[in-house]
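Accompanying notes for the structure given below.
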Amino acid sequence: MKNITILISGSGTNLQRIIDCIDSGEIRNARIIQVIADRECYGLQRAEKHRIPTRLIKRGKNFSEELDKAIPQNTDLIVLAGFLSILKPEFCEKWKGKIINIHPALLPKFGGKGMWGHHVHQAVIESGEKESGATVHFVTSGIDEGEIILQRKFEIDENDTPETLAEKVHQVEYDIFPKAIDLVLNK
Ligand code: GAR
């Protein structure tokens, strides 16, 4: 059995999907042993409903160190599921190959500092892109630069807004994120 620790900052719909896919067996041989948030957010309640241990570690001076201490030693994979804090290079190095992230665009485009959530979808629409999608990748010290595990794209409709794009990207995420987690854990 592989142990997953999930880091979140928001509503946690991807977290919910991961919980459901573990229950249904789409993600094999895994359990979530800890959910950690960097702010109060609905995702924490989702975890609590499923009796998954939660921690809240607010961002501050020694955030990466505190976070590292809060991550159970027996974690096999750290999953960033809508986690909006930047992690220190030392942290990324320590967990290299064992930490993955979901990004709401087609990396290497529209990644890097400040590129999160609605900012990404706004930038994609403004730049007149013909397609968008989602990317699951390993986390390295370069923001959104690690090796890509899975990526899926779709065509942008001319009527799409940042909001409709966000919804479409989420649907893609719900599909590729569990697959990527299963792939990394059970390769
Ligand atoms: C997801 O779309 C995820 O790709 C994005 O935050 C959303 C979280 O939604 N992550 C980033 O922007 C990271 N740079 P959720 O809380 O409903 O899972």
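Each ligand, and each atom within it, is numbered from 1 in the order the structure gives. All residue numbers in this chain count up from 1 along the given sequence.
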> Strictly under 4.0 Å, does any heavy atom of Val169 approach an atom of ligand 1?
Replying inline: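 The answer is no, since Val169 has no heavy atom less than 4.0 Å from ligand 1.
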> Judged by non-hydrogen atoms, does Met115 sit under 4.0 Å from ligand 1?
Replying inline: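 Judged by the 4.0 Å heavy-atom criterion, Met115 does count as contacting ligand 1.
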> Tell me, which pairs form a side-chain hydrogen bond (donor to acceptor under 3.5 Å, both in side chains) where one or both residues lie in residues 132-141, sequence neighbours left out?
Replying inline: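 Found Asn101-His137, Thr135-Gln151.
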Using a plain distance cutoff, I'd like to know if [X] has any nitrogen or oxygen under 3.5 Å from a nitrogen or oxygen of ligand 1.
X      : answer
Asn101 : no
Thr13  : yes
Gly12  : yes
Asp144 : no

>> Just to be sure I'm reading this right: ignoring hydrogens, which of Gly111, Pro104, Gly114, Gly112 gets closest to atom 5 (C) of ligand 1? Compare them by their nearest heavy atoms.
In response: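 It is Pro104 that holds the nearest heavy atom.
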Which ligand 1 atoms does [X] reach within 4.0 Å, using its non-hydrogen atoms?
X      : answer
Gly117 : 12 (O)
Gly82  : 6 (O), 8 (C), 10 (N)
His103 : 4 (O), 14 (N)

>> Quick check for you: to the nearest 0.5 Å, what is the distance between Ile52 atom CD1 and Ile4 atom CD1?
In response: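 The CD1 atom of Ile52 sits 9.5 Å away from the CD1 atom of Ile4.
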>> Please report the interatomic distance NZ(Lys179) to CZ(Arg152), rounded to the nearest 0.5 Å.
In response: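 One gets 5.5 Å once the value is rounded to the nearest 0.5 Å.
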> Around atom CD of Glu90, are there more than 12 heavy atoms of other residues, nucleotides or ligands at under 6.0 Å?
Replying inline: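 Yes.
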>> Give me the residue, atom name and distance of the protein heavy atom closest to atom 7 (C) of ligand 1.
In response: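 Residue, atom and distance for the closest contact: His170 NE2, 4.0 Å.
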> Tell me: protein heavy atom nearest atom 4 (O) of ligand 1, and distance?
Replying inline: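 In this structure, atom 4 (O) of ligand 1 has Glu173 OE2, 2.4 Å as its nearest protein heavy atom.
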>> Do Ile32 and His50 have side chains that approach each other closer than 4.5 Å (heavy atoms only, starting at C-beta)?
In response: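 No. Closest side-chain heavy atoms not under 4.5 Å.
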> How are the rings of Tyr174 and His170 set relative to one another: parallel (under 30°), tilted (30 to 60°) or perpendicular (over 60°)?
Replying inline: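 Geometry flag for His170 against Tyr174: tilted rings.
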> Taking the hydrophobic residues Ile, Leu, Val, Met, Phe, Trp and Tyr, and joining any pair whose side-chain heavy atoms are under 4.5 Å apart, which ones share a cluster with Ile71?
Replying inline: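 In the cluster with Ile71 are Leu7, Ile36, Ile57, Phe63, Leu67, Ile78, Leu80, Phe83, Leu87, Phe91, Trp95, Ile99, Val139.
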> Does the side chain of Gln171 come under 3.5 Å of the side chain of Asp175 through a donor N or O and an acceptor N or O?
Replying inline: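 The criterion, which ignores hydrogens and geometry beyond distance, is not satisfied for Asp175 and Gln171.
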